[in-house]
Every structure is written in structure tokens, then in C-alpha cells.
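Scroll down for the structure; my scribbles are underneath it.
A, B, ... follow the sequence lines: proteins, then strands. Residue 1 opens every chain.
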Amino acid sequence: MELPAKYDPALTEDKWYAYWLENKFFHSEPDERESYTIVIPPPNVTGILHMGHVLNNTLNDVLVRKARMDGKNACWVPGTDHASIATENKVVQKLAAEGIKKEDLTREEFLKHAWEWKEKHGGIILGQLRKLGASCDWDRTKFTMDPELSDAVINTFVYFYNKGYIYRGVRMVNWDPIGLTAVSDEEVIHKDTVSKFYHMRYFISDGNGNPTDQYIIIATTRPETIMADAAVCVNPEDERYQWLKGKKVLIPLINKEIPIIEDSYVAMDFGTGCLKVTPAHDVNDYEIGMRHNLPVLDIIDDHGRLNEKAQILVGEDRFEARKKIVAMLQEAGNLEKMEDYTSPVGYSERTNAVIEPRLSMQWFLKMEALAKDALESVESGNVKLIPDKYRNTYRHWMENVRDWCISRQLWWGQRIPAYYLPDGQVVVAETAEKALEAAQAIDASVTAADLRQDEDVLDTWFSSWLWPISVFDTNKAGHPEAEPNKDLAYYYPTNDLVTGPDILFFWVARMIMAGNEFMNDVPFRNVYLTGIVRDKLGRKMSKTLGNSPDPLDLIAKYGADAVRLGMLLCSSAGNDILYDESQIEQGRNFNNKVWNAFRLVTGWNVDEAAQQPEASAVAVKWFDNKLSQVVEIVEDHFSKFRISDALMAIYKFFWDDFCAWYLEAVKPAYGAGIDKTTYEATIGFFDALLKMIHPIMPFITEELWQNMAERKPGETIMNQRYPQAKAYDAEFITAFEMATEAVAGVRNIRQSKNLSPREALDLKVKGAFPAEVLPVVTKLANVNIAEAEGDLSAAQRFMVRTVEMFVPLTGLINVEEEVAKLEAELAYQQKFLDSVRKKLSNERFVANAPEAVVAVERKKEADSLSKIESITASLNALKNN
RNA sequence: GGGAGCAUAGCUCAGUUGGUUUAGAGCAUCUGCCUUACAAGCAGAGGGUCGGGGGUUCGACUCCCUCUGCUCCCACCA
């Protein structure tokens, strides 16, 4: 079979993915084996794959594939999130492009459009994950708005309502004027924003609503809200404003009279010390207003426009109104000055609209008790955060959590199961029928037609916090007393969760809460928090910067295996990934290395009659030991979620140990056959290597594994056992390392003297070199080895640890150069010896340091002395010649 | 404003109870090679004193303090 010199992933990846699917290798059912479960962080149903997904899902897949090869019953549950605000927004925009306004549609009509959109775009990202090689159990694919999952959400709402954790009330909430909904505190992103600080004159009223010539100056960033001012507030301690007590001022432009009040909230050293109080449009002002019984005048509508209560600029957008009112204030002589000012402004996470603090009626979930338990879950180690630096952040959040605003003024999502009686009383129940029963218990005359269901839907996270439960059992959430079904009992708690730290609170913390509440157990044991994928300049990937490559283009260009390895290369947990295409090239190169090693090995012809050469026997013994050592290291890395370290250990094992040393050591002479013993050992090693690489690069390993031997239909590398570590001979591994160092020493001499590798050289050994590995040195360095004796002044010298080696090169030695080199080496050794001796002569060191440490220093001293001795001898020999 | 974290070769990072490390890896760089698996490769080499300063210790990249720079999270000073 003639294989091309370069590996082409396009020829294999789709083929093997289809094979895996056909054979249902990804599918899991409960059985007697230990389970290993991961639930996918569900991407937005209408989303498309970006580099963050690639990182996250590659890590997930590596963990799942590894667990599967460890003999566990691995189950990776995929699915998507309905992402209510983001999806509803997209649908609104799509409809707008077609000339349809949401306001003109009924709820049912709009939802029909939304479902159509979901059906059209909903599968895209899951298809993209297949390209990446994700071994999800697609038969278990879930969507947070699947009817049964929605039922679970509704049950949960009813459960918490009955428990007294859910309440409804008028609160200052974060209003998104583009999404047209309230959002939770966590969905508000504060960004420093440059604006202006406007200083305005408020004239003192004469008591009859007419201005006097006295005025005070008020500084604000939001002059468009002055019409909603309910008072002007100063600090009671403020000497400057004592004269204002009991007076009233007039709001500019509309000449409305408002009182001066005093509250210690006002900072005397900020602004002018006079604060305009606008209870309807600022959280603090609202609280001051509550304390002083001020009226609340809401002058901004849902869309962020001034309404008729503003009296002026009615219908203008708030930012447009700001510009206009500034001009008007200036005109009227009320504008003292404007200065540049940078302050934090809240933006909607989903729509990027500037959040408008707004008073409205919303539903809330009490968080205190839930947060307390969820904190305990992490503090006790029931849930481990990796890296654990996030524990601090987590604790801080849990200790300061506020009640969760769970209602959203949207249509796409689970509708709140609250029903209002004509008199305004509310009943909460899973279905309209049950609600009617409950309502009739209050008032027997109520009919179904009288009941009005709440218009709002629930926050998306109110469904995704149930994800690790509801993907298995849709009845359990909301029913902690119920028996879990077979799947839930088997797969819960899941093992690992891989996700970004940006949703630690949105999602991870709340899943822990739901898990504790309904399962009385945490939803996962380990949370691996990845970093954020950035470009090589450290900038976040973004559409506007255009620095975000399309993962599918990369897969098409380099192959999924290369993309996976490239992403993993520098992804230690919690650190941001500085992505650079060169890493993916490195991944591709590694693919090619594996491919070519395969070409070499499978190209060999077995010579049944051939005896195993000594060098091969040594190499086989060494590699067998080395394999166990590396497996042990890799397992340790995996157990600590050091995926990139595990990857690098495997990478070097394959490239350096297997290709550069082992294969070279056993490689038969050109044209010659290979002995059977070595060949079979080599195939065995290759088999183990492919298995070790498989979780990281599933496609090429399956391709080569399938071609390495006759396979039966239905066989796959992904169900083979991962190599196990046996006891190994570390001393022998060290001996072999010395052989490689000797080879490198000879090669170095060849290079510096321009000697062909084909020309055999003599190598004289002086000292205790492990004889067993010498055949490898003979073969790879192309040398004849003998004990050192006689005059070696005409030889090039090097050292392997404490063993001296000489390559006699009569006529090629530059004495001056050699002397200089040796003298430099001598000086270095002398200095080293001095430092070691200084340590050893320190009584306190010898007295206090552990014996082992002292022994090491003594060994250093002895080695150094022997080196100095041999260097000196060589120097003398050279000089005397 | 509060809190957390980071600062080690050109770049990205290891360095796991302070001592087998006068510091390791990958990539990049330099030199020589189209050597019969692989130039997406082979062989070899150079490069940092661990952000600055101080302290604890027989001994610090590793612990403490401080300064500088960066990052993230939280936050109602208009």
C-alpha cells in the first residue's frame, strides 16, 4: 500500500464520524459499569460555532473520550439553550427586515415565527460540533424549551412559590429598552463611559412658584430626567447649605416647585453637594424617595423615550432629549457649565443597550438560603473549582447575592404560571385547569375565561439551572420528594463541567442551588473553568474587530484534529488562550508526524529468519519501560485537569522518544527486513501510542488504528482500553538517556568537524558507562566503542554525566581551541565546586538540612571533583603534546 | 471605591508542603543538512538569575512586607 507523504484529514474525518454514529458508539445507557457524565454547556439555539466553543467542547470531548477508554460508561449529553432575550431579539429583527412589527402580532403569531426560526437555525451549531469530533450522545439531545423540559421549569416555579421563595413586587429593576424587558443584576455590564457632567442652576422659589435671584447649582449626568425630579437633597451637615432649609426650588424649564430635603446619603465632597432626587430613574434616588415619602414620577417609556409626563420633549429618545434639553437649559440661562466626566454605565449583556433603572412589577426568587447551601457545597469541596482561585470570587458573590429577578417581559420562553383573578388576586399552578381549581377555591364564581395568565416569561437561566437534572428526568425538578428515574439515578451527579468563568454565577452557582434543592446533592464534582480565547495581541475575539476566525474554515484547512490540538496546546485551566494560527499548524505538523511514523512502520517487511539485533532489544526494553513511566505521568496530569501538560507529555513521547530515538534505534538497514520480535513490539507500541493520542486527535488515530491490523466490523479505537502503567525500571530508563546523550555528543563533534554521519568513528569510554545500552550508541552514532587507554590528546572529548568520552581525530584537533574550551569548563566547574563547598562548610546547613539534601550536595561535590580531575588531565595531555 | 489574581528565556507557559533545578518545556531564532517515514522534516546550538526593593531562613523562583505594571470580578457617589 502506497501512502502519500502528507496526511489529508479531509479523506478521513467525515468517514470515521459517520462510522461512529452508525455504530452508536457515543450512545450510553445505564449499566453495571461506573458512569462518567458530562452535560454540555448548552449553546444558544441560534448560535454558530466560535473559537470559545471549540476550546470548551474540545476539552469536554477529551475528558469524555478518555473516560470511555478508561472503561467507564461515558455519556456526554448535548443540547441547546433557548436564550430567550437573544433569540427573541433576532426574531424581532428578522421580522422587522420583512416589514413586520412585533407589536402588530399576537403572542401566538409571534411564537410561531420564533419556532420557525428555531427549526431553521436550531441544528446548525450541533452539526458544527460533529465536525469537531464531539462524541456527544446525540440520541439524548435536549433543548431547554422541549415540552417536558419546560414542564420541569414550570414545576420548579410552582415549587418555589409554594415554598414561599418566589414573590412579586414593584422594585427598581434593570430595564433594557431594546430588549424591552427587565434583566437581572448579573446581566448588566458596567463599563466606564465618557459623558458630561452638567452643572445646572435651580432657582429658589419665592413660595408662589416664581423664581428669586438666588440659585443653587446641581451637577448631573442625566439632565433629561430633571422633569422627574421630586426634590433636591443636601447633606444635613453641610455648612454651605444651611440657608436652604425649608426652602423650595424650581425645576428649570418646567418651573415645577420641589422641596429641599436633607439626607446623609449625599456626599459633601462630590459634585456640588446638591443632589437632584429622581426616584423613578435612579436606584439611590428611589431609596431616598422612599425615606422622604417623595412622589415617583416616571417620565420614560419602555423604549427609553420621554413620555407625556415629562411635559416637554415628549416622544424623544432619552439621549436625543439630553442633547436638546442641554440646548434649552443654555438658552434659558440655567446651564452653569459642562465638564467631561467618565463614569460607569450599565449595559445590557444581550443587547448592549444602556440600562435604564426603572420601577416595575417583577417576580423575584429569594436567594439567601439557596446561596448559603451553594456556598457550602464549594467550601466543603463537594464541588471543586479548577483552578481554585475562583473560590474567592465565588464566595464573595454568594455572600452578597441579591434576590433574583426571574421575570422577563418577553414571549420566547416559559410563561410564568401565575393567574390573576378579576379582583387582582393571584394563584400559581402548573396548568390553567389547576389554576382554575385554585381560583374557584377562593371565589367559586370564577370561570376559566375570567382568569388572566401573567404575560411574562421566565429568565433563561431559570431553565438552564435545571439542566443537569432535566436532561435525564423531567419530573424531578420541582419534586424533590419524587424517586429519580433510572437515568437520573445512574448519571447524576455528573462528573465534570467544563465552562467559562463568565457564567460561573449565571449558571454554575445556580445549578448547584437547584441540585442541592431537588437532588440533595451537587450536580457535578469538578468545574473546570477555561480561559477566554483571545487573539495573539490579547484582544477578545469579536466580530467588529474581525479577529475571530471561523472554526469551520480552520477545520477545512487543517483538519479537526489539528484544530483540537492547536487549541489545547496553551490552555492551562483558567488562563486566557492567546490564539494564533501557528498553533494549529503545529497540530497539523504533529498529525503529519504520526502519519509518517505509520508509513515507516507499516512499510517494513518482516524477515522471519532475522535475529533481533542487540540495539533493537535494548530499544524495545527501554521503550516498554518508558511507556509505563509516561502513562503514569499522563494519568497524573489528567487527574489534576492539566490537559495541556498531559498533551505535551504525549506529544514529546511520540515525537522525541518514539520517532527520534526508538524508531531510529530499531530501523533496519535500507532494503533489509526487520526481525519479527522487534516488529511485533513496535506495532504494540504504536497501538498504545495511538490510544494515548486518541482523546486529543480522534480522527487520525482511528484511521491509523483501523489500518494497522485487520479489524472486525464494529471495532473502534475509541472503545479500546487506555494503556495502563506497569512497574518500570527507572534505572534502565536513565541508562538509555545516557546513551542518547553519548549519541548527541558524537553528533555534535561530527557537526563541528564537518564529518559525514556515514563515516564510522572510534569512541573511547573512560568511566562507568552502562554497558547494556552501548549497542544503541554504536548504531545511532555510527561508532566503534572501546575502553579509553593511552594518549588521547588527539581526541575530541565530551562528558556524559561523570563519564568521559573521546573521539580520536588525528589531525583535526585545534589544540588552542580545545584548551580554551577546557579552561572555560574548568573555571565553571571550579566556581560550581566553590559554591557547593561553601554550602557544605556551613555548619548550620549540615546541621539543619535534611540528610538527603546534604547527601545531594556531597554527591555534587564528588562529581564536580571527578570532572575537574578529568578536565585537568585532558588539559595537561593537550599542553604536553 | 472594594476584592481577587498575575508578573519566570523573543512569544506562550511549567516549576505541585522552600533544598536532587547557579531554573524547564513548546514555539520562535541561529547553524548545518533535500540522509532511502516525514523540509509540515532531520541533526546541532544559543538564549532567562525568575518585575524593582526589603525581610524571614543554613537555604527562596517558591514564604512575608513594600513599590511598579497588567488582568479579572464586584460596586447605587449623582
Look at all strands and tell whether [X] reaches a base, only sugar-phosphate, or nothing, counting heavy atoms closer than 4.0 Å.
X	value
Pro850(A)	base
Asn848(A)	base
Tyr286(A)	nothing
Trp604(A)	nothing
Ala855(A)	nothing
Arg747(A)	sugar-phosphate
Lys652(A)	sugar-phosphate

Atom [atom1] of [X] to atom [atom2] of [N]: distance rounded to whole Å?
X	N	atom1	atom2	value
Glu825(A)	U22(B)	CD	P	17 Å
Met648(A)	U12(B)	CE	C1'	10 Å
Arg395(A)	G3(B)	CZ	P	14 Å
Lys593(A)	G26(B)	NZ	P	14 Å
Asn748(A)	A45(B)	CG	C1'	8 Å
Asn592(A)	C42(B)	CG	P	10 Å
Lys839(A)	U22(B)	NZ	P	7 Å
Leu529(A)	G5(B)	CG	P	16 Å

Inset, instruction - Indicate whether OP1 or OP2 belonging to A37(B) is found under 4.0 Å from a side-chain N or O atom of Arg599(A). - result: no
Legend entry - Side-chain N,O (Asn589(A)) to OP1/OP2 (G41(B)) below 4.0 Å: yes
Between [N] and [M], how far is it from one [atom1] atom to the other, in whole Å?
N	M	atom1	value
A14(B)	A25(B)	P	16 Å
G32(B)	G26(B)	C1'	23 Å
C61(B)	G54(B)	P	14 Å
C13(B)	C6(B)	P	13 Å
A7(B)	C33(B)	P	42 Å
G24(B)	A45(B)	P	15 Å
G1(B)	U8(B)	P	27 Å

Inset, instruction - Only counting residues at least two apart or in another chain, list the ones meeting side chain to side chain donor-acceptor pair (under 3.5 Å) with Lys196(A). - result: Asp340(A)
Inset, instruction - Please name all residues satisfying side chain to side chain donor-acceptor pair (under 3.5 Å) with Arg858(A), sequence neighbours left out, ordered by chain then number. - result: none
Inset, instruction - For Arg801(A), enumerate each residue passing the salt bridge (Lys or Arg N to Asp or Glu O under 4.0 Å) test, keeping only those at least two apart in sequence or located in another chain. - result: Glu737(A), Glu741(A)
Inset, instruction - Any pair with a residue in residues 577-596 of chain A that passes salt bridge (Lys or Arg N to Asp or Glu O under 4.0 Å), sequence neighbours left out, goes on the list, sorted by first then second residue, please. - result: Lys536(A)-Asp580(A), Lys557(A)-Glu581(A)
Inset, instruction - Scan residues 269-289 of chain A for pairs that pass salt bridge (Lys or Arg N to Asp or Glu O under 4.0 Å), counting only residues two or more places apart or in two chains. - result: Asp229(A)-Lys276(A)
Inset, instruction - Please identify each residue that fulfils ring pair (Phe, Tyr, Trp, His ring centres under 6.0 Å) with Phe658(A), with sequence neighbours left out. - result: Phe623(A), Phe654(A), Tyr662(A), Phe686(A)
Sequence neighbours excluded and cut-off under 3.5 Å, please list the side-chain donor-acceptor pairs for residues 826-834 of chain A, or say none.
from      : atom 1 : to        : atom 2 : distance (Å)
Gln829(A) : OE1    : Ser864(A) : OG     : 3.1

Legend entry - Tyr651(A), nearest nucleotide to its side chain (from U16(B), U22(B), G26(B)): G26(B)
Legend entry - Nucleotide of G5(B), A40(B), G19(B) approaching Val853(A) most closely (side-chain heavy atoms): G19(B)
Legend entry - Proximity to RNA chain B (any heavy atom under 4.0 Å), residues of residues 659-667 of chain A only: Cys659(A), Ala660(A), Glu664(A), Lys667(A)
Inset, instruction - Tell me, please, which residues at least two apart from Glu336(A) pass side-chain contact (heavy atoms from CB on, under 4.5 Å). - result: His199(A), Arg201(A), Tyr215(A), Ile217(A)
Legend entry - Charged N-O contact under 4.0 Å between Glu857(A) and Lys859(A): no
Legend entry - Check ion pair Glu186(A)-Arg402(A) (N to O, under 4.0 angstrom): no
Inset, instruction - May I ask you to decide if Gly587(A)'s main-chain N or O and Asn591(A)'s side chain share a donor-acceptor pair within less than 3.5 Å? - result: yes
Inset, instruction - Ignoring hydrogens and angles, tell me if any N or O in the side chain of Thr734(A) forms a donor-acceptor pair with the backbone of Ala730(A) under 3.5 Å. - result: yes
For the residue pair [X] and [Y], establish whether any side-chain heavy-atom pair is separated by less than 4.5 Å.
X	Y	value
Trp175(A)	Ile355(A)	no
Val666(A)	Phe685(A)	no
Leu359(A)	Val173(A)	no

Inset, instruction - For Asp185(A) and Asn174(A), test the side chains for any donor-to-acceptor distance below 3.5 angstrom and give the result as yes or no. - result: yes
For nucleotides 28-35 of chain B, list the nitrogen or oxygen atoms of the protein found under 3.5 Å from its nitrogen or oxygen atoms, one pair per line.
from   : atom 1 : to        : atom 2 : distance (Å)
U31(B) : O2     : Gln751(A) : NE2    : 3.2

Legend entry - Pairing pattern in dot-bracket form [Watson-Crick, G-U; both distances under 3.5 Å; | = partner strand] for RNA chain B: (((((((..((((.....[....)))).(((((.......))))).....(((((..]....))))))))))))....
Legend entry - Annotated protein contacts, base or backbone, on nucleotides 72-78 of chain B with a non-hydrogen cut-off under 4.0 Å, one of B, S, - each: -SS-BBB
